[in-house]
Amino acid sequence: MPIFEIEKDDLLGLDDGQLEELIARLCEAEIAAKSHAISSVRWGGSLTAADGGVDVRVTVKDPTFVGDFIRRRDTVYQAKVPSMAQVAIKKEISGKDTSKDLFQELAISHGAYVIVSLRDDLAPAKLTERRKLMSEEVEKLVAPGSVALDFFDRSTLHQWLRQHVSVQLWVRRALGKSLSGWRPFERWTNVPRDTDDTLIVGEGLYLSLPGKNSDLSMAEGIPAVRELILTSSKSIRVAGLSGVGKTRFVQALFEEGFEADPLDRTKVIYGDIGFGVEPSATVIVDTLVAENRDAILVLDNCAKDEHSLIANRVARTKSEIKLITIEYDVRDDTPQTTEVVRLTARGTEITEKLVARRYPQLGSLNARRIADFSGGNARLALALADALPDNVSLAGLSDEELFERLFEQRHECDNNLREQAEVLSLVYSFSTAEDEEGVNELAVLGDLCEVSARRMARASNTLLERQIAQQRGRWRAVLPHAVANRLAADALRHIPVDEVLRTFEENAGERMLRSFSRRIGFLHTSPQAREISRRWLRPDGLLHKTMQLNKLGAAMLVNIAPVDCEIVLECFESQKTEIISAVKDIRKQTDIRRVISLLSKIAYEPELFDRAVSLLLEIADEAGDEDGYDEPRKRVRAFFQIRGSGTHATLRQRVDVLEACLADQRRHRLALDCLASSLEISNFESINLRDAEFGARPRDYGARPHGEEAVTWLSRFLTIAAQMALSSISPDRKATRRIIAAQFSGLWAVESLRPMLFQLAEKLHADGGWLEGWRAVKGNIHYDTLRSNREGRTAKEDRELVKLCELLAPSDLEGRVRAIALAEGHRIFALDEEFDLDDPNRYEASRKRLAEEAFRLGQDVATDSAVFDAVANDLFEQAHSPNRTAFGRGMAAACSDRRALLEKVTDRIRALGRAIFNDCVLSGILMEISQVDPALAQIFLDEISGDELLRRRMVVFVT
């Protein structure tokens, strides 16, 4: 099944509202595909309203319009989840007071009426019956034939859905079956669902476009960029410094406004590469090309190399795909297949220009000082600017004095209000009415400053008026957090910690205590906040027993963890026995996941990395492999990525952990995974980047080695891999040789590493050969040729790579068997010396040639028992090796004693001592014998029917 599609019956998971929205989105997509305005589609409103059956209506003004699933220019759709049998259809069409008016309208416009029934999935005859029944009912209201009628069952709806990829992505999200990281048009920035996301257009942000001699404002630039995307044959690269709003800008290209028509949002597919997507962007592009889709692909946080790869891929296909990528900046080596659009914030910051424009009387110096103080927070800057008198100079004011100006806002100094604001800030939010537990939160807070709940309510209203608090119903919160955090820290300085804790632990309800802990989590620079954290986590503290916390305690622990990471880590270490014993307790999985998540965040700090990883490893040891519970191993493995690791641990620290794991038999397999991760340069896991927010502590994706630092990183881990690949320990040799081969293509792209790689390849070849490396080198050459061919250029020969390929090539029968017959993976065409790029059936032809070569190798091995003995154990490894069946057939074809061959092979299988093995070679032998000696094949099948090990494969063998 194509990757975007879902099963037809999955649609049964849609509710009434989702079904209506699906039909509307499909209508919009079809309308847009035919170059008409999607505003022609109207939908929404109450599903139970007396609307005459109008759930979705399409009204196209163009008289030449010819639709597909939109039957006519004026088409009404009635969305129904239940089955629509005779009684239901009759009631729907003629059983409503508004039906006659609706059908008379449609008769006048020569329109259409369609019932979409989700539960129905009908044979053609039954569909005809439903349509006939509809016609009989409609003819009671209007003249026969005046309204086109149709009945869409689930199959028809699924067929319609298959035409539009972006709508398929929406349905996947609605059904909880999203493709990881891939989204249709929606809010792509991290804006809360209920928050106004209208694009702010103003001075301070400019666009530079190819061929333009001057920068454009947003109002001028958005229409120009839309035009560029529609008319250019090249991909578009949106560049600019972090925080200038690149993602929001691209989203605006698909929204109404700015004179020119927006880009077609029904065609767009969005993926954030920085946080990981599955399937990969290249797979998405290949799928869109293969299905001949007309799509706009937006790739956020797309690195230069990935952009180049995908842009070239799109360009050479001559497809209808439009590519837009978003990244931090663009260097001079941008591919010729790319147009670059740059977003630039001028001056000190956008906030400074905003303040200067709104409050010109303050002057530029004051605007700059306000912008610096606010840290770029526009709302905070505007509030401060509004609080200042004209002709004031801020040059000599401290941050504390500026904060006082912000708080007082042209009012007289009110120490009581300031004290009350500090106390109100101690909670993340508070209620102005009794909460669900019967707690008067204002009264509880008022006790801390010895005032009544009424006075606290008055104080909160004053803060609202001064725009340093916000309200949602009965809820209030001091905002922005920069203000609230400062006020809360002051409150903790002025009120004894014992009193604060007594108030919240004894008088506050659970919600309020949780809210207090959340605020504390933002105050890691406050000594009093750290003291509260220590008290809660000490042996007799509220949160010490981490594996026995209730829901409230668990939330509080997560909230306060950023305050003092070392105290949290010490708490975990002191309860290591309880944590480890809970790893396999099904009732404790939520607790274990919480510990793992917090340990991963604590490991961000280099000084705590070793201890946090040590405990993660012990959890991974206990989890083992058998239960498939691999989150702790994934977390540790991700720490070894050169990008997106989620830690700033040094290279030395990571190497020490890896070497320690390699020396520990329990962790050896994990260590090999970490080693493979350390040599990966493109496909990174994002598991340690989930929920990256950690209080007010600044966090990023972890260390990002660049240039020589990156080469040092890769060289160090490659050296470790080389030592193991050349060691005398057979499992290590085999595993690390495969790891180096798997990462060879990416490593070879780093020119500084090529001498090291070449020398290593020579050593591996001299020490028993390196056929995995030969296949990797062949693949590199092969796919470079393919890329060049698709781009219409002659491949530039990499002489070093060709020389390496010649060096590593197999030179004897055993080597050829391992290289060809046992070659693993789906993309082994690189091994075909006769691969013809101009042959339209090149892949099938290549498959046949490789199978024929494997057959010949099987014939040779049938008469060479030494080679058979050398490769025997590898014949049955669990791996996808497409040529093994042909190899088995060749053995059987050349063998003079096929009975003895069967016994020799089955003896080898039994000697493996495992129930799971690759049966392709044995299947190939039986396949050949069944053609030349059917009686022998049947005798063998009869015999193995009583064999405990082999009878499990009877179905495969018989087939």
Expected list for residues 141-151: side-chain donor-acceptor pairs under 3.5 angstrom, two or more places apart:
residue, atom, partner, partner atom, Å
Ser146, OG, Ala143, O, 2.6
Asp150, OD1, Arg131, NE, 2.7
Asp150, OD1, Arg131, NH2, 3.1
Asp150, OD2, Arg71, NE, 2.8
Asp150, OD2, Arg71, NH2, 2.7

Summary of salt bridge (Lys or Arg N to Asp or Glu O under 4.0 Å) pairs that have at least one residue in residues 31-44, sequence neighbours excluded: none
Lys267/Asp294 ion pair, N-O < 4.0 Å: yes
Ring center gap for Phe185 and Tyr270 short of 6.0 angstrom: no
Residue pair Thr156 / Gln159, side-chain donor-acceptor N/O under 3.5 Å: no
Heavy-atom pair of closest approach, residues His307 and Thr325: ND1-OG1, 2.8 Å
Arg237 side chain vs Thr338 backbone, donor-acceptor pair below 3.5 Å: no
Lys140: side chain to side chain contact (heavy atoms under 4.5 Å, CB included) partners, not counting sequence neighbours: Lys90, Glu137
Over all atoms of both residues, closest heavy-atom pair of Leu11 and Leu118: O-CD2, 3.3 Å
Ala88 to Ser83 - nearest heavy-atom pair and separation: CB-O, 4.3 Å
Ser40 side chain to Lys61 side chain, donor-acceptor N/O pair below 3.5 angstrom: no
Within the 6.0 Å centroid threshold, strictly below: Trp160 and Tyr77: yes
